[in-house]
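Heads up: the structure comes next, in structure tokens.
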Amino acid sequence: MKEDSLVCLPGQRLSICDKIYTSGQGTYERKGYIYSMLGGVVDIVEKNGLKVLEVHSNGQNTVIPSQGDIVTAEVYIITQQHAKCHIKCIGNTVLKSSFRAIIRKEYVRVTEKDKVEIYKSFRPGDIILARVLPITEAHSYQLSTAENELGVVIAHSEHGYPMIPVSWTEMQCPKTLVKEPRKVAKVVPENMTTDILSVLQNNV
Amino acid sequence: MPVDHKRINGPEESVPYELFARLSGLTSEKAFEQLYKAGKRSDGREFEEHRKIFLKNGAVSQAKGSAYIEMGQTKVIVSVFDPREIPNRSDYSLKGELYCEFKFAPFSCAKRRLHQQDNEEKQYSCIMKKALESAVCLHELPNFQVDIYALVMHNDGSALSAAITAAGVALVEAGVPMYDIITSVTVGIQQGVKLVDPDSLEEQMCQVQFLSEKYQDNNHGLLIISKLHTQEQLCQFYQNGYVSLEVLKSGLEVLSKTCEVIVPLVQKCLIKHITNGIKS
Amino acid sequence: MAEQYKSLHPAKYYRDHLKHDIRPDGRELSDFRPVVINVGSIKTADGSSIVKIGNTTVVCGIKAEISRPKADAATKGFLVPNVELSPVCSSKFKPGPPSDQAQVLTQIIADIVGNSQCINLEELCIFPDKIAWCLYADLICIDYDGSLIDACALALISCLKVVSLPEVSYDPSLDKQQVNLEKRTPINVNSVFVSTTFAIFDDKLILADPTVEEENLCTGTLTIVTCNDELCYVHKPGGSPLVDEQMSDCIEKCMNRSNSIKKLIKTAILENI
């Protein structure tokens with residue numbers, strides 16, 4: 001962050017709310033003014049001729065998953081119908097405590113949805129990338145890996161070695177050369193998170 | 001008392017040793033008389049002067065946000081944790097919830113406190129929750145609960161106010177969306193005298209009605225308010241004892257003024273935290 | 001980036017650091033965290049102390065009450081230690097009755113006190129079979145970052161060192177007691193115990209004074225308590241086995257540390273007075 005950034009506290013009046021300035025993330029609008037909702041730094045983002053005021057707290061943002069977010073999660077239980085996992089990161093933000101989420105059979109991949117078998121897609125302990133679906137249930141988040149870039153990024157073989165992807169449905173153990181089925185993510189380097197994960201995989 | 005199997009229990013009965021001490025003879029009425037004559041309080045403060053405050057955020061490394069506050073001898077620590085899904089709930093709620101727990105350490109008061117939460121602590125937890133609920137943007141945290149825990153290590157009066165002010169700081173540090181900065185102040189009233197930020201003896205003095213004839217005015221009690229700074233809104237008000245409407249009005253004025261005195265301290269503490277965050 | 005790596009792959013994150021004989025917080029394997037002791041800051045207690053080992057913080061307060069000795073131990077007073085893992089200290093603990101971990105800790109601390117004989121309970125008796133002191137020692141953890149037994153033991157012993165009790169005179173013929181609040185005397189503490197915790201990582205590496213992350217990842221822990229250059233309590237709850245050499249190495253480290261800790265307690269008490 002820059003040295004000359006503008007620091008603000010909750011409840012601080014930032015600007016008048018008019019045709020140019022609107023309230024964005026971390027701010028709220030009351031009686032025609034924009035106020036800050038967090039303690040942090042003010043950002044002005046230009047969007048379609050509008051200036052959106054945003055406030056970002058330094059890394060300590062309290063984030064909760066919302067629809068459309070890409071999350072990193074760890075699978076911990078699989079059943080025939082679904083896989084349960086813990087969300088560990090949202091985008092680039094690491095969570096201090098994880099959220100529970102579920103991936104239903106229908107949302108594992110794009111094609112041949114009816115032939116999906118959970119145990120051929122995920123195993124407990126796998127690290128996956130997934131997208132958050134709209135919330136329909138009160139209790140847990142629903143995730144989807146039905147995109148090429150989403151799916152398993154880190155997995156260990158039965159013997160505990162980190163595996164290398166060989167196709168989009170299989171990963172191979174470098175020690176035993178045993179192939180195991182997975183819904184593998186196609187790692188795209190532009191994405192910050194996936195970039196790190198690919199580095200991770202090489203390290204392992 | 002039922003036996004607590006999960007702790008080590010002492011003897012079946014034990015009593016504070018102060019009960020067997022020679023009485024010092026200083027009753028609340030006498031203490032008030034001394035105070036009134038001197039025109040100053042026992043620690044040298046004016047009647048409407050707040051004690052010095054030491055406020056520090058980030059006292060607990062494991063918490064998302066935390067604050068430690070010292071007001072005179074009163075020492076309170078508050079932790080705030082990551083939002084989590086509301087346990088034991090089946091329906092979806094659009095608004096988030098707060099969970100507050102206010103606890104006195106067993107050794108924090110003149111008389112030993114028990115480990116279980118007693119009625120007074122329950123009541124304080126409720127007041128704290130109500131005060132903070134109006135400061136947190138609950139609509140930003142749908143279906144989530146934020147846990148706030150306050151522990152009083154040393155109670156020398158105005159512990160609830162200290163806890164609310166500290167909780168405000170801890171919430172901002174935790175990055176929980178808030179409408180405003182929240183501060184809280186206590187005032188004790190006895191015979192028309194208003195003692196801002198009373199210590200534990202003064203608190204005691206303000207909670208009894210004087211019976212001797214020379215005291216005709218029977219106004220006595222405690223007032224606690226919490227205020228949102230920029231919006232100038234009163235978000236919590238608590239009163240006990242007997243206070244007439246006029247005294248209440250003037251009491252509220254004093255309280256509002258004192259809240260404004262505390263706000264710069266809170267701001268300074270938070271700005272320091274944010275600028276430190278930017279540098280690193 | 002490192003943060004994400006740590007969150008997703010904690011064990012490997014640690015292994016990478018430990019390969020270079022360094023821990024993520026910058027310590028070497030056998031380094032201890034700095035210790036801070038403060039005594040007597042809580043005036044409502046008859047004795048109090050605050051101990052910080054790195055981030056781990058424990059507050060101890062002792063409150064004395066008057067009670068009647070038990071029939072089977074007519075000449076003994078009471079010392080009642082209780083450890084509380086308050087929800088303030090970590091998101092792991094929720095309000096309510098003590099967790100299993102808190103109960104285990106309480107028992108360990110009670111055992112250490114019993115083994116070390118640091119307090120002669122007979123000295124806490126005022127008049128046999130009639131009245132005796134009961135010292136309630138409450139240990140509250142306010143920041144949980146590992147090595148909690150060490151912090152609790154240290155807080156308790158420094159607290160006991162500063163406890164003072166008012167003079168009590170008892171008249172057996174009238175069965176009446178009188179307390180003189182003006183005259184207070186400290187209690188005798190016969191010995192000072194010092195506890196040191198080690199974590200065993202991947203069955204072979206031994207980390208001294210582990211943080212909570214290290215405790216969660218390790219394959220076993222070992223706590224050694226020394227008192228007057230002798231062992232007074234050893235706690236090794238399962239986990240990786242250790243060879244005799246490693247064990248004696250740990251004991252030696254603990255002995256060395258106990259001297260510096262004892263000095264620290266002394267200075268803390270002197271500063272307070």
Side-chain angles (χ1 to χ4, degrees), chain B residues 4-22 24 59-64 66 68 70 73-82 84 87 99-101 103-113 115-117 125 147-156 200, chain C residues 41-46 48 50 54-57 59-70 78-84 86-92 94-95 97-99 102-103 106-107 110 132-138 140 142-145 165-166 168 176-181 212:
Chain B
D4 187 347
H5 289 288
K6 298 194 167 179
R7 291 189 176 90
I8 297 183
N9 295 289
E12 269 169 37
E13 219 185 345
S14 65
V15 285
Y17 58 79
E18 282 87 356
L19 286 180
F20 305 110
R22 231 170 271 128
S24 60
V60 179
S61 63
Q62 303 296 308
K64 187 91 198 268
S66 61
Y68 171 72
E70 251 180 56
Q73 299 270 28
T74 301
K75 299 175 184 72
V76 184
I77 198 157
V78 181
S79 302
V80 173
F81 293 97
D82 260 319
R84 59 191 182 109
Y99 178 84
C100 281
E101 200 194 56
K103 187 88 192 75
F104 285 109
F107 47 79
S108 66
C109 301
K111 191 173 178 291
R112 195 177 111 89
R113 293 225 169 217
H115 294 278
Q116 287 92 349
Q117 216 182 17
S125 307
D147 293 332
I148 303 158
Y149 300 107
L151 176 77
V152 181
M153 292 191 273
H154 188 167
N155 177 22
D156 193 20
S200 54
Chain C
S41 56
I42 297 168
K43 300 283 182 288
T44 44
D46 294 291
S48 69
I50 299 172
N55 281 327
T56 302
T57 314
V59 186
C60 178
I62 293 184
K63 251 179 133 45
E65 292 199 345
I66 282 178
S67 136
R68 204 191 171 96
K70 272 188 194 160
F78 307 89
L79 174 60
V80 189
N82 271 301
V83 181
E84 180 127 18
S86 113
V88 167
C89 71
S90 168
S91 53
K92 266 193 274 184
K94 295 284 168 268
S99 58
Q103 287 182 60
T106 299
Q107 194 53 49
W133 283 115
C134 177
L135 302 183
Y136 290 100
D138 288 291
I140 303 184
I142 52 177
D143 197 345
Y144 183 83
D145 195 17
L165 298 174
V168 184
K176 262 202 156 171
Q177 54 267 48
Q178 182 86 49
V179 176
N180 182 4
L181 292 179
V212 71

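A note on names: the letters A, B, ... follow the listed sequences, proteins ahead of strands, and every chain is numbered from 1.
- Two residues are said to be in side-chain contact when any heavy atoms from C-beta on lie closer than 4.5 Å; C:Pro98 and B:Arg7 meet this criterion.
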Requested in this report: Would you sort out whether B:Glu18 and C:Val179 count as a side-chain contact (heavy atoms from CB on, under 4.5 Å), showing the intermediate values?
Outcome: CA-CA 7 Å; B:Glu18 282 87 356; C:Val179 176; over 6 Å; no
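- Side chain of B:Lys75 to main chain of C:Ser41: a donor-acceptor pair is present (N/O by atom type, distance under 3.5 Å, no hydrogens or angles).
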Requested in this report: Decide yes or no on side-chain contact (heavy atoms from CB on, under 4.5 Å) for C:Asp46 and B:Phe107, but give the supporting numbers first.
Outcome: CA-CA 9 Å; C:Asp46 294 291; B:Phe107 47 79; over 6 Å; no
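- Considering only heavy-atom pairs separated by less than 4.5 Å from chain B, the leading option among C:Glu84, C:Arg68, C:Lys176 is C:Glu84.
- The parts of C:Ser91 that come within reach of chain B are both its backbone and its side chain, each placing non-hydrogen atoms under 4.5 angstrom from that chain.
- Chain B forms more heavy-atom pairs under 4.5 Å with one residue of C:Gln103, C:Lys94, C:Gln107, C:Lys92 than with any other, namely C:Gln103.
- Here the closest non-hydrogen pair linking C:Cys89 and B:Val60 is O-CG1, 4.0 Å.
- The side-chain contact (heavy atoms from CB on, under 4.5 Å) search around C:Lys70 returns C:Asp72, C:Phe78, not counting sequence neighbours.
- Comment: C:Asp138 engages B:Arg112 in a salt bridge, judged by a side-chain N to carboxylate O separation of less than 4.0 angstrom.
- Closest approach of C:Pro97 and B:Lys6 over heavy atoms only: CB-CD, 4.1 Å.
- Nearest heavy atoms, C:Pro87 versus B:Phe81: O-CE1, 3.2 Å.
- In this structure, C:Glu65 CD and B:Glu13 CD are separated by 10.5 Å, a value rounded to the nearest 0.5 Å.
- Most heavy-atom pairs under 4.5 Å with chain B, from the set C:Ala64, C:Gly54, C:Ser90: that is C:Ser90.
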Query - Derivation and outcome, side-chain contact (heavy atoms from CB on, under 4.5 Å), residues C:Ile66 and B:Phe20 - result: CA-CA 9 Å; C:Ile66 282 178; B:Phe20 305 110; 3.8 Å; yes
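- Only the side chain of C:Pro166 comes within less than 4.5 Å of a heavy atom of chain B; its backbone N, CA, C and O stay farther away.
- Scored by the salt bridge (Lys or Arg N to Asp or Glu O under 4.0 Å) test, B:Arg84 finds B:Asp147 as partners (sequence neighbours excluded).
- In this structure, B:Ser14 contributes its side chain and C:Ser67 its backbone to no donor-acceptor pair below 3.5 Å.
- Between chain C and the residues B:Ala150, B:Ala110, B:Cys109, the largest count of heavy-atom pairs under 4.5 Å involves B:Cys109.
- For chain C, no part of B:Lys103 is nearby; none of its heavy atoms comes within less than 4.5 Å.
- Comparing B:Ser200, B:Pro16, B:Gly10 by how many heavy-atom pairs each has under 4.5 Å with chain C, the most go to B:Pro16.
- Ranked by heavy-atom pairs shorter than 4.5 Å toward chain B, the options C:Asn55, C:Ile50, C:Thr106, C:Asp143 are led by C:Asp143.
- For the options B:His115, B:Gln117, B:His154, heavy-atom pairs under 4.5 Å to chain C are most numerous at B:His154.
- The two atoms that bring C:Ile140 and B:Ala105 nearest to each other are CD1-CB, 3.6 Å, heavy atoms only.
- For C:Ile142, the parts lying under 4.5 angstrom from a heavy atom of chain B are both the backbone and the side chain.
- Across B:Tyr149 and C:Pro95, no two heavy atoms sit closer than the pair OH-CD, 3.3 Å.
- Interface remark: C:Val83 contributes no atoms to any contact with chain B (heavy atom separation under 4.5 Å).
- Between the OG1 atom in C:Thr57 and the OH atom in B:Tyr68 there is a gap of 11.0 Å [rounded to 0.5 Å].
- Between B:Ile8 and C:Val80 the shortest heavy-atom distance is O-CG1, 3.3 Å.
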Query raised in the report: When you look at C:Ile42 and B:Met153, which way does the side-chain contact (heavy atoms from CB on, under 4.5 Å) test go after all the steps?
Result: CA-CA 8 Å; C:Ile42 297 168; B:Met153 292 191 273; 4.3 Å; yes
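- Residue contact with chain C, scored on non-hydrogen atoms closer than 4.5 Å, involves the side chain of B:Gln73 exclusively.
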